[in-house]
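Since we're looking at a predicted model, the values are computed, not measured. Residue numbering restarts at 1 for every chain, and letters A, B, ... go by the order of the sequence lines.
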Amino acid sequence: GQQVMQIPQYQHVQEGEDFTTYCNSSTTLSNIQWYKQRPGGHPVFLIQLVKSGEVKKQKRLTFQFGEAKKNSSLHITATQTTDVGTYFCAGHPSTGTASKLTFGTGTRLQVTL
Amino acid sequence: DGGITQSPKYLFRKEGQNVTLSCEQNLNHDAMYWYRQDPGQGLRLIYYSQIVNDFQKGDIAEGYSVSREKKESFPLTVTSAQKNPTAFYLCASSNSGTDHSPLHFGNGTRLTVT
């Protein structure tokens, strides 16, 4: 079945440093969604990308969808302590059961002063 | 305020007992989902429902059952057949199960079975 892996599993940065998490799917995706889960909380939707090669920005966050629609990345510029949490990518397969959203394994970000 | 309510937040059960987790939404969403979250493994789909009185198995449905008798409600029963039931369970809903609309999650239920 479809598998979505994220690397790294965990990253610890100093406040002000940049951070990137990478998402790789075993199959072609029709879209990619990104969610953030604060410690002890629930995932919250951040953004969706649907076009090959698409890049979207939200303030210090930059999201990219690969040309082959099998990978994606989230880059945070100048991290802040409010960025702490686990970031998940999730995608729908381009073929098969289109309504099954598969989540990646997540990247936990720790930011210290 | 519209949202998804999961109850209870913490649940403790003895091994061999069935337990039902509640999920209610007032967002008027058609689709509802149950995910299980274990440390280091992300979210895995248990069951989902795109419309009332219909639901499909996800990737890890064994040992679980659901019902969708009302649009607002999608309870999950963890049966005694589930080998490792201790986990964090998240219910979610979306506007539609087919248009890739984003998921809205409840606060989750942390189930501990001893």
Side-chain angles (χ1 to χ4, degrees), chain A residues 1-11 21 23-27 29-51 54 56 58 63 65 69 85-108, chain B residues 2-7 9-10 21 23 25 27 29-51 54-62 68 74 87-110:
Chain A
Q2 180 189 10
Q3 291 187 343
V4 181
M5 303 297 293
Q6 282 181 253
I7 54 171
Q9 189 173 359
Y10 170 77
Q11 186 148 10
T21 172
C23 172
N24 296 290
S25 172
S26 58
T27 58
L29 301 170
S30 61
N31 68 323
I32 195 86
Q33 297 176 351
W34 283 92
Y35 293 79
K36 176 184 178 181
Q37 183 176 23
R38 293 183 187 274
H42 59 274
V44 174
F45 174 76
L46 295 176
I47 207 162
Q48 174 164 256
L49 305 168
V50 295
K51 298 177 185 174
E54 188 171 11
K56 284 189 177 181
Q58 283 181 352
F63 304 84
F65 199 10
K69 301 185 79 172
T86 301
Y87 292 85
F88 292 99
C89 63
H92 289 92
S94 58
T95 58
T97 309
S99 56
K100 279 185 64 176
L101 182 67
T102 298
F103 278 79
T105 47
T107 295
R108 186 160 70 92
Chain B
I4 301 178
T5 301
Q6 288 188 245
S7 60
K9 186 171 182 179
Y10 298 97
L21 281 58
C23 179
Q25 56 102 356
L27 298 167
H29 284 171
D30 287 320
M32 296 187 75
Y33 312 80
W34 275 104
Y35 285 89
R36 170 182 171 139
Q37 186 171 30
D38 296 283
Q41 291 199 43
L43 283 71
R44 292 183 289 167
L45 182 63
I46 304 172
Y47 268 98
Y48 63 103
S49 167
Q50 293 176 263
I51 197 168
D54 188 42
F55 48 82
Q56 285 79 40
K57 292 181 180 179
D59 299 315
I60 54 165
E62 186 175 347
R68 186 89 187 275
F74 191 41
F88 187 47
Y89 290 89
L90 285 158
C91 178
S93 70
S94 67
N95 197 33
S96 163
T98 55
D99 68 355
H100 300 172
S101 50
L103 267 55
H104 297 254
F105 284 87
N107 289 332
T109 292
R110 195 167 297 277

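Comparing A/Pro43, A/Gly106, A/Ala90, A/Gly104 by how many heavy-atom pairs each has under 4.5 Å with chain B, the most go to A/Pro43.
Proximity to chain A (any heavy atom under 4.5 Å) is shown, for B/Leu103, by both the backbone and the side chain. With a 4.5 angstrom heavy-atom cutoff, A/Gln37 touches chain B only via side-chain atoms. Proximity to chain B is limited to the side chain of A/Tyr35, based on heavy atoms less than 4.5 angstrom apart.
Note: A/His92 and B/His100 have parallel aromatic rings, judged against thresholds of 30 and 60 degrees for the angle between ring planes.
The number of heavy-atom neighbours closer than 6.0 Å to CD of A/Gln3, taken from other residues, nucleotides and ligands shown, is 12 or below.
Rounded to the nearest 0.5 angstrom, B/Leu45 CG and A/Leu101 CG are separated by 8.5 Å. Note that CZ of A/Phe103 and CD of B/Gln37 are 9.5 Å apart. Values are rounded to the nearest 0.5 Å. With rounding to the nearest 0.5 Å, the separation of CG in B/Leu43 from NE2 in A/His42 is 12.0 Å.
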